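Single-structure report; data block below.
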Amino acid sequence: MDVMSASGQKFYEDEEAEQILRVAAQISGPEGRMSRDRLLETAAELGISAEAVEIAERQVVEQRRDQGLRAKFDAKLRTEFLAHLVSYVIVNGCMIATNLLTSPGYFWAMWPLAGWTIGLFCHARVAFFKAGDCYEEEFAQWQERREDPMAAREDNIRRRSRPNRVVVGVHVGGRRRSRPRRYGINEPDRFDG
């Protein structure tokens, strides 16, 4: 709300002044744009230092960058949820159909359906309700993996870790026992016998 001083000069709250300046800039500038030089001039007229404008400029750029990254992260979460929902519908539909065809007297498909429904509900909560520490932690991890490809690679390796060797015991024909053989994961299966 504007306030009149004893000298007859009007004063505005910071939010009002900002809104008035924003509307005035849209009216006077081409397509609502203002050059950086004009911005610095206006700030100087208002008694705002060039250093303060530069700090504010960096903050605005950082906020826009953060908003853009959050929009991409949210889109990723929604896409993952949609994939989860599609697999839920297909698998549970097949399970229900199998249940009804094989044993219509007992609805055993309700147990996996109930468990998966709880998991789907939790996934929907993460994908669509963006409040709390969990969301912020996930966003920070996603951002870190995005900025550091090596960290993302290490995460993938950890997630897909499996043993380097498999021990296979083979009993061959009339022999008493054959020795267990070690084969690497990437080697083709070999059988004695």
Side-chain angles (χ1 to χ4, degrees), residues 1-91 114-162:
M1 169 112 29
D2 61 329
V3 178
M4 294 289 263
S5 70
S7 64
Q9 188 173 3
K10 280 187 175 182
F11 289 92
Y12 296 96
E13 296 288 329
D14 288 341
E15 292 174 13
E16 291 174 319
E18 183 179 325
Q19 186 179 8
I20 291 168
L21 288 173
R22 188 172 288 143
V23 170
Q26 289 175 351
I27 292 170
S28 67
E31 299 174 17
R33 296 178 146 187
M34 180 184 287
S35 70
R36 188 167 193 279
D37 292 336
R38 180 72 180 131
L39 180 69
L40 290 172
E41 270 179 40
T42 305
E45 290 173 8
L46 294 171
I48 301 171
S49 69
E51 293 82 23
V53 171
E54 289 176 15
I55 292 169
E57 188 177 31
R58 283 194 296 269
Q59 288 177 350
V60 167
V61 167
E62 184 62 33
Q63 286 174 349
R64 282 198 178 155
R65 179 182 171 272
D66 187 55
Q67 288 172 347
L69 286 175
R70 284 183 189 276
K72 286 180 183 178
F73 179 65
D74 294 344
K76 176 190 160 293
L77 289 177
R78 286 189 300 271
T79 302
E80 288 174 351
F81 173 76
L82 184 61
H84 188 178
L85 180 64
V86 167
S87 64
Y88 171 84
V89 168
I90 291 171
V91 171
W116 201 341
T117 300
I118 292 169
L120 188 69
F121 173 75
C122 292
H123 195 169
R125 199 170 133 232
V126 168
F128 295 105
F129 301 104
K130 298 154 191 65
D133 295 336
C134 184
Y135 174 80
E136 292 301 325
E137 288 174 17
E138 286 288 325
F139 176 68
Q141 288 174 357
W142 175 80
Q143 195 172 14
E144 181 180 314
R145 285 191 304 267
R146 184 178 159 85
E147 292 172 359
D148 184 10
M150 289 305 290
R153 185 169 182 261
E154 290 172 7
D155 282 350
N156 287 338
I157 289 171
R158 256 186 263 124
R159 262 188 261 127
R160 291 185 290 181
S161 65
R162 51 186 175 173

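Residues take their numbers from the sequence shown, with the count starting at 1. On a predicted model such as this, the values are computed, not experimentally measured, just so you know.
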*Heavy-atom count around E45 CD within 6.0 Å, excluding the residue itself: above 12?*
yes
*Value rounded to 0.5 Å, distance of CG in L69 from CD in E62*: 8.5 Å
*Around K72, counting heavy atoms of other residues, nucleotides and ligands shown, do more than 12 lie under 6.0 Å from its NZ?*
no
*For L77 and E138, run side chain to side chain contact (heavy atoms under 4.5 Å, CB included): C-alpha distance rounded to whole Å, both residues' side-chain angles, the deciding distance at 0.1 Å, then the answer.*
CA-CA 10 Å; L77 289 177; E138 286 288 325; 5.8 Å; no
*On the 0 to 90° scale, with breaks at 30° and 60°, tag the F73-F139 ring pair as parallel, tilted or perpendicular.*
perpendicular
*Side chains of Y135 and R125: does their closest heavy-atom pair fall under 4.5 Å?*
no
*Are any of the side-chain nitrogens in R70 or D66 under 4.0 Å away from the carboxylate oxygens of its partner?*
yes
*Could you check whether the rings of H123 and F81 sit parallel, tilted or perpendicular, using 30° and 60° as the cut-offs?*
perpendicular
*For E147, the option from E144, R145, Q143 that meets side chain to side chain contact (heavy atoms under 4.5 Å, CB included)*: Q143
